[in-house]
Amino acid sequence: IREQVGDYGDLAYEYFRINVNLDSAEFYYKKALDLAYSSGSFKINRRVAINHVGLASLYRKIYNHSEALWHLNEAEKILRRTDPNHYLFIYIYHNKGNIYKVQDDLFRTREYYEYALDFIMKNGYDYRYEFVFVYTNYIALLLELEEYDLAEQKLSDVDIERRLLNFDIEELDTYRTTSRRWRD
């Protein structure tokens with residue numbers, strides 16, 4: 001069952017990110033989740049959380065923000081129980097912030113970007129390239145909120161150039177092209 005849940009999730013990811021067939025992607029994400037939840041022997045773990053995040057990304061893409069938030073919340077609950085330091089929290093918080101940004105709720109956007117950044121720093125993920133995406137969106141938000149002094153302070157607090165030099169280009173390419181990154 002574990003392998004089948006993983007295979008369905010990988011297939012959903014392929015339809016979503018590579019083939020851009022959202023109906024098939026949604027079908028396989030739901031199939032993976034249904035199988036995991038309906039099996040009495042399957043331990044709900046980060047693989048299930050990953051599928052929730054994937055489905056949330058799909059719903060976000062089609063502007064179904066309430067479903068996207070629901071799936072992000074489910075993923076967050078699972079990870080809090082099973083793997084509280086997993087880097088997937090970066091995506092959960094950042095995506096929640098992005099959803100609130102589209103809804104023009106800048107207070108909540110800022111809150112979730114800050115959650116993501118706090119999580120990154122607390123867990124030593126500040127050398128992963130996800131940091132740059134979250135940090136860039138956070139600074140852009142501060143500028144939009146006209147909090148120029150804080151933006152300047154935050155920019156001076158972080159040595160972006162040093163972090164960029166530490167990125168493993170091969171890891172970045174692997175991350176971009178395969179869904180196996182979720183199984184780390």
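Given the structure is predicted, the values throughout are model-derived calculations rather than measurements.
- The aromatic ring centres of Y93 and F89 sit less than 6.0 Å apart.
- Checking side-chain atoms of D83 against main-chain N and O of L79 turns up no donor-acceptor pair under 3.5 Å.
- The ring of Y113 has its center no closer than 6.0 angstrom to the ring center of Y138.
- Enclosure of atom CD in E152 is not indicated, since only 12 or fewer non-hydrogen atoms of other residues, nucleotides or ligands lie within 6.0 angstrom.
- At a threshold of 4.0 Å, the pair E147-R110 counts as salt-bridged, since one of the basic side-chain nitrogens sits closer than that to a carboxylate oxygen.
- With ring centers used as reference points, Y13 lies 6.0 Å or more from F16.
- The side chain to side chain donor-acceptor pair (under 3.5 Å) check on S24 picks up N21, with sequence neighbours excluded.
- Under the 6.0 Å cut-off for aromatic ring centres, F131 and Y125 do not qualify, their centroids lying 6.0 Å or more apart.
- Residues Q103 and H65 meet the side-chain proximity criterion, which asks for heavy atoms closer than 4.5 Å.
- Under the side-chain contact (heavy atoms from CB on, under 4.5 Å) rule, N51 has a single partner from D10, L35, I78, V5, which is V5.
- E26 and Y15 share no donor-acceptor pair across their side chains, judged by distance under 3.5 Å alone.
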For this session: Output, in order, the C-alpha distance, side-chain angles, deciding distance and verdict of side-chain contact (heavy atoms from CB on, under 4.5 Å) for D105 and I99.
Result: CA-CA 9 Å; D105 186 343; I99 290 168; over 6 Å; no
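- Salt-bridge annotation for K96 and E111: absent, with no side-chain N of the basic residue lying under 4.0 Å from a carboxylate O of the acidic one.
- A distance below 6.0 Å separates the ring centres of H71 and Y59.
- Considering only residues two or more places apart in sequence or on other chains, N123 meets the side chain to side chain donor-acceptor pair (under 3.5 Å) condition with none of them.
- For K101 and E144, the salt-bridge test passes: some basic side-chain N is under 4.0 Å from an acidic carboxylate O.
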